[in-house]
Amino acid sequence: MRDVTSAQSALLDWYDAHARVMPWRVGPAERRAGIVPDPYRVWLSEVMLQQTTVAAVREKYLRFTALWPRVEDLAAEEDATVMAEWAGLGYYARARNLLKCARVVAVEHSGVFPDTRDALLGLPGIGPYTAAAIAAIAFDRPETVVDGNVERVVSRLYDIHTPLPEAKPELTSVAEALTPTQRPGDHAQAMMDLGATICTPRRPACGICPLIAECAARVAGTAADLPKKSPKTAKPTRLGIAYVAQREDGAVLLETRPPRGLLGGMLGWPGTEWNDAPVAAPPLEADWQQVPGEVRHTFTHFHLRLALQVAVVPADTQTTRGGFHGRADFRPAALPTVMRKAWDLASSALPPL
DNA sequence: CAGTCGTGGGA
DNA sequence: TTCCCAAGACT
């Protein structure tokens with residue numbers, strides 16, 4: 001980096017011309033016309049975008065804002081309904097904290113989001129990145145957002161070879177030095193747009209980068225190799241068995257998983273623990289049949305191979321574990337993906353209604 | 001601090 | 001097939 005001021009203006013000029021259009025974004029032209037973002041929508045989009053692609057978020061965001069236009073609407077919703085709508089997006093603790101946060105804002109803040117980074121940091125599901133993002137984007141405060149894009153952009157601008165996550169404090173420090181007092185919200189979004197479209201992880205498009213004259217890695221020829229990252233450990237494989245019971249009237253047995261941990265709070269098929277040697281654990285007495293094949297699914301830190309057993313049970317079957325869901329109400333899309341995959345395989349082995 | 005916590009798309 | 005990774009937070 002040779003000239004911070006030049007970099008800031010070059011980046012904002014580029015953003016004015018090339019800002020991505022997204023449903024939750026107030027673009028540079030609109031902002032200039034005096035349109036201000038809705039903090040509720042900025043917050044909702046930022047939580048959804050945590051470790052999640054823009055493509056995956058777009059539909060979910062539109063669905064959520066259509067169902068719940070204001071934070072009070074979301075706060076008043078049933079937990080199970082929100083979890084079902086979040087299904088498929090992953091990292092389900094986000095949905096649990098989303099509801100907690102909505103209720104705190106609705107009840108304790110009269111539906112008005114705090115407008116400072118420090119106050120936002122105290123809310124459930126809002127960490128350093130999201131607090132800074134809301135403060136900068138929704139309230140145009142001079143806060144510095146540091147996400148994966150920003151880490152990549154600044155590690156290249158300054159040709160920093162320290163591996164992540166060790167480099168995080170240093171990258172944060174230089175990112176802060178780059179944050180302007182004018183248009184900090186647009187600057188934050190510009191940094192992320194640059195990282196997403198030009199300063200990409202592989203094959204960065206340095207030839208069209210607005211910061212090419214400021215980039216140390218470009219001079220050193222190291223851009224494509226940055227940021228350095230510590231090697232990650234291999235994923236183990238775990239095994240499990242899931243049980244899909246279908247009543248003669250078509251209802252299926254599902255349980256709500258415990259409120260914390262993997263897939264916490266989500267619907268799922270009863271089953272064994274997932275480990276090296278699962279012990280059979282059918283949820284009720286029945287003539288269980290093994291389904292040919294298995295479900296393969298990869299989570300963040302392990303691979304899962306899930307065997308499936310199915311059974312047809314009488315319409316008056318009682319259960320102490322989970323509950324039967326009438327087939328008219330049962331939506332596979334309300335299940336987390338691994339459970340939806342299990343349904344796809346199990347249903348092929350069940351008799352048609 | 002290092003582990004936990006999803007998913008789908010692209011190379 | 002396998003690996004990487006995408007606007008991280010929480011413990």
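Only a predicted model underlies this, so the values are computations on that prediction, with no experimental measurement involved. Just so it is clear: chains get the letters A, B, ... in the order the sequence lines come, proteins before strands, and each one is counted from 1.
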Query raised in the report: Crowded around A:Gln182 CD? As in, over 12 foreign heavy atoms under 6.0 Å?
Result: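 Count not over threshold, so no.
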
Whole-Å distance separating the [atom1] atom of [X] from the [atom2] atom of [N]:
| X | N | atom1 | atom2 | answer |
| --- | --- | --- | --- | --- |
| A:Lys100 | C:dA9 | NZ | P | 15 Å |
| A:Lys228 | C:dC5 | NZ | P | 12 Å |
| A:His303 | C:dC4 | NE2 | P | 10 Å |
| A:Leu304 | B:dT7 | CG | C1' | 14 Å |
| A:Leu123 | C:dC10 | CG | P | 10 Å |
| A:Lys235 | C:dT1 | NZ | P | 16 Å |
| A:Met192 | C:dC5 | CE | C1' | 17 Å |
| A:Arg296 | B:dT7 | CZ | C1' | 18 Å |

Scan [X] against the nucleic acid and name what it touches under 4.0 Å (heavy atoms): base, sugar-phosphate only, or nothing.
| X | answer |
| --- | --- |
| A:Trp86 | nothing |
| A:Pro165 | nothing |
| A:Arg152 | sugar-phosphate |

Do NZ/NE/NH1/NH2 and the carboxylate oxygens of [X] and [Y] come within less than 4.0 Å?
| X | Y | value |
| --- | --- | --- |
| A:Arg141 | A:Asp115 | yes |
| A:Asp225 | A:Arg156 | no |
| A:Asp276 | A:Arg238 | no |
| A:Asp186 | A:Arg25 | no |

Query raised in the report: A:Phe299 and A:Phe302: aromatic ring centres closer than 6.0 Å?
Result: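 A:Phe299 vs A:Phe302: aromatic centres under 6.0 Å.
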
Report task. For this output row, return yes or no: ring centroids of A:Tyr243 and A:Trp269 closer than 6.0 angstrom. Result ->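 No, they do not, as the ring centres are separated by 6.0 Å or more.
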
With respect to the phosphate group of [N], does any side-chain polar atom (N or O) of [X] fall under 4.0 Å of OP1 or OP2?
| X | N | value |
| --- | --- | --- |
| A:Lys232 | B:dG3 | no |
| A:Tyr91 | C:dA6 | no |
| A:His297 | B:dT7 | yes |

Query raised in the report: Closer to the 5' end of DNA chain B via nearest nucleotide, is it A:Thr233 or A:Gly88?
Result: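 That would be A:Thr233.
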
Query raised in the report: Which sits closer to the 5' end of DNA chain B, A:Arg202 or A:Leu89, going by the nucleotide each is nearest to?
Result: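 Result: A:Leu89.
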
[atom1] spacing across the pair [N] / [M], given as an integer number of angstrom:
| N | M | atom1 | answer |
| --- | --- | --- | --- |
| B:dG6 | C:dT11 | P | 14 Å |
| C:dC10 | B:dC1 | C1' | 13 Å |
| B:dC5 | C:dA6 | P | 22 Å |

Scan [range] against DNA chain B and write down, sorted by residue number, each residue with any heavy atom closer than 4.0 Å; if none is found, say none.
| range | value |
| --- | --- |
| residues 256-274 of chain A | A:Gly261, A:Leu262, A:Leu263 |
| residues 40-59 of chain A | A:Gln51, A:Thr52 |
| residues 330-344 of chain A | A:Pro336, A:Thr337, A:Val338, A:Arg340 |

Requested in this report: Please name all residues satisfying salt bridge (Lys or Arg N to Asp or Glu O under 4.0 Å) with A:Arg96, sequence neighbours left out, ordered by chain then number.
Outcome: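 Result, salt bridge (Lys or Arg N to Asp or Glu O under 4.0 Å) vs A:Arg96: none returned.
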
Report task. Quick one: list whatever passes salt bridge (Lys or Arg N to Asp or Glu O under 4.0 Å) with A:Arg340, sequence neighbours left out. Result ->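 Result, salt bridge (Lys or Arg N to Asp or Glu O under 4.0 Å) vs A:Arg340: A:Asp344.
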
Query - Connected via hydrophobic side-chain network under 4.5 Å: A:Tyr91 and A:Leu262 - result: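 No; tracing contacts between hydrophobic side chains, which count when under 4.5 Å, never links both residues.
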
Requested in this report: Would you mind telling me which residue lines up with the more 5' stretch of DNA chain C, A:Thr130 or A:Thr200, judged by nearest nucleotide?
Outcome: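 Of the two residues, A:Thr200 wins.
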
Query raised in the report: Which residue, A:Pro128 or A:Lys229, contacts DNA chain C at a nucleotide closer to its 5' end, judged by nearest heavy atom?
Result: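 Of the two residues, A:Lys229 wins.
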
Requested in this report: Given salt bridge (charged side-chain N to carboxylate O under 4.0 Å, His left out), test A:Asp147 with A:Arg152 step by step and report yes or no.
Outcome: CA-CA 9 Å; A:Asp147 71 333; A:Arg152 187 170 55 256; over 6 Å; no

Query raised in the report: Hey, does the side-chain of A:Tyr129 have a donor or acceptor N/O within less than 3.5 Å of a partner on the base of C:dG8?
Result: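 Side chain to base: no pair present.
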
Query raised in the report: Which nucleotide in the list B:dG6, B:dC5, B:dT7 gets nearest to the side chain of A:His301?
Result: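 The nucleotide sitting nearest to the side chain is B:dC5.
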
Report task. Enter the distance from A:Phe324:CZ to A:Thr317:OG1 here, rounded to the nearest 0.5 Å. Result ->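 Result: 5.5 Å between the selected atoms.
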
Report task. Using side-chain hydrogen bond (donor to acceptor under 3.5 Å, both in side chains) as the criterion, list what pairs up with A:Glu294, not counting sequence neighbours. Result ->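 With sequence neighbours excluded, A:Glu294 shows a side-chain hydrogen bond (donor to acceptor under 3.5 Å, both in side chains) to A:Arg296, A:Arg305, given in chain and number order.
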
